Protein chains: 2
Amino acid sequence: MEKEEKIAIAPEKLEKILDVAQKRFARFGLAKTTMSEIADDLGVSKASLYYYFPDKECIFKKVMMKEQLDFCRQMKKIVASDKNIKQTLKDYIENRTNYFKTLINLGHLNYDIFHEQKPLYASLGKEFYEREKEIIKTILQNAMERNEIRKIDIDEYSGFFVHVLRTLRLYALARKELWEQGLMNKELKQEYIFFTNIFLKSIEKI
Amino acid sequence: MEKEEKIAIAPEKLEKILDVAQKRFARFGLAKTTMSEIADDLGVSKASLYYYFPDKECIFKKVMMKEQLDFCRQMKKIVASDKNIKQTLKDYIENRTNYFKTLINLGHLNYDIFHEQKPLYASLGKEFYEREKEIIKTILQNAMERNEIRKIDIDEYSGFFVHVLRTLRLYALARKELWEQGLMNKELKQEYIFFTNIFLKSIEKI
DNA sequence: ATTTGACCGATTTTGTAAAAAGGTCAGTTT
DNA sequence: AAACTGACCTTTTTACAAAATCGGTCAAAT
């Protein structure tokens, strides 16, 4: 059974809380963000937060879910645009890098998994991986039905595609020289494009 | 100018020192290995080590260089075996995973780069990357001369191939559950094979 | 139903003294 | 002279306790 809010909560109030928390988490991470700070930002007492949420992790989880949903909604638009697979994947990786700039917590998830081996991070990471994999799966499924690509194990290929995107991003995140100079996203995007081209070539109709 | 030994040193003595240091570094890493321990293992005083080496990093560097050379010598054998590119790359990734089990320091280099951002690690990592890239370059060059693959930018492709191998390995190293159970190498090898197949398909003659 | 200040146990932070580290050198051994 | 060492110096790491802070609870107030 998942942890949820303790009681019913007005949507606009929930949104305000998650909004404030999102900014704090983005800047300082889960560990270095305190409940008092979130409460202060909202202009309420810490105890009030515990009236709505059972613990800090629950708020963090909700923030992450929100970012995940935002991300997936955006990406599903690309799938729905119904272009050929080459253009769809290009659009996908273009938007993926751009959107991670906004959704900082989601973008740093892999990095957090790596540096602190909290089960919470691991489970969030795994869930996000599965979601993204499903989207890529749809893209490949569509392409296969249209005879744009050869017959492949879609589950295997989509899983590997997402996996490589993640590993490339993790590695790029580590090179702080690039990260601080803002060059990271540019380099990472090039790597994405290169990999996508290889990937496409390997599944294209012979 | 590179730091070297202070004075000429008998080869068998140098080898013994590096041998002892290699074992310590492999078990405890650079930071948690002390000069006194290395000296004790050798049955000499700490000051004796400083008679031959200017500092600890220099010993570590030499150990890493030795492992790099061992690795490259082994891998170059595969290139020299002169099989078709498909078999050569398969042999390469097979031996790569296996050989990292022996050369523990080299195998953990990427991991160390990630967790401590020491310039020493970064430079060692970059050098190793360049070396490995050169080997893959040779493989691709041979294949192209034999008309086994289509015309590609060999420098770009070999660089990316090595880059992906590294990122996949880094990620696998992080999942300690697998690492501790010894399943890591098995899973990683599968990822390598999958990627190599994609890679090969993308450069094969049409 | 909602909010809060006071409060609790556990964790983190901080300050610091002792220990151990890297590294040097005058001098001894071979 | 080349090889080696114990004593020594400076910096870093460790160990540990006091203080502060944090996550979380609850009776009382609104």
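Below, chains carry the letters A, B, ... as their sequence lines are ordered, and counting in each starts from 1. Quick caveat, the model's predicted, so the values are computed rather than measured.
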Tell me: [atom1] of [X] to [atom2] of [N], nearest whole Å?
X       : N      : atom1 : atom2 : answer
A/Tyr52 : C/dA1  : OH    : C1'   : 8 Å
B/Leu30 : D/dT12 : CG    : P     : 15 Å
B/Ile38 : C/dG22 : CD1   : C1'   : 12 Å
A/Lys46 : D/dT21 : NZ    : P     : 12 Å
B/Leu49 : C/dG22 : CG    : P     : 10 Å
B/Glu37 : C/dG22 : CD    : C1'   : 13 Å
A/Phe28 : D/dC22 : CZ    : P     : 12 Å
A/Asp40 : D/dC22 : CG    : P     : 10 Å

Are any of [X]'s side-chain N or O atoms less than 4.0 Å away from OP1 or OP2 of [N]?
X       : N      : value
B/Tyr51 : D/dC4  : no
B/Tyr50 : D/dC4  : no
A/Lys32 : C/dT13 : yes

Pair B/Arg24 + B/Asp40: basic N to acidic O under 4.0 Å: no

Contact check, side chains of B/Phe161 and B/Leu165, non-hydrogen atoms, under 4.5 Å: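 Yes. Closest side-chain heavy atoms under 4.5 Å.
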
Close side-chain approach of A/Met75 and A/Tyr99, heavy atoms under 4.5 Å: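 In short, these two side chains touch, coming nearer than 4.5 Å.
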
Spacing of A/Arg169 atom CZ and A/Thr97 atom OG1 [to the nearest 0.5 Å]: 8.5 Å

Euclidean distance, B/Lys90 NZ relative to B/Leu200 CG, rounded to 0.5 Å: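 The NZ atom of B/Lys90 is 6.5 Å from CG of B/Leu200, to the nearest 0.5 Å.
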
Polar pair under 3.5 Å, donor/acceptor by atom type, side chain B/Lys56, base C/dG23: no

Selection from C/dG22, C/dG23, D/dC22 that lies nearest to any side-chain heavy atom of B/Thr34: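 Among the listed nucleotides, the one closest to the side chain of B/Thr34 is C/dG22.
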
Touch class at under 4.0 angstrom, heavy-atom based, for A/Ser48 against every strand present: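 The residue A/Ser48 makes base contact.
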
Contact nearer the 5' end of DNA chain D, comparing A/Ala47 with B/Gly43: B/Gly43

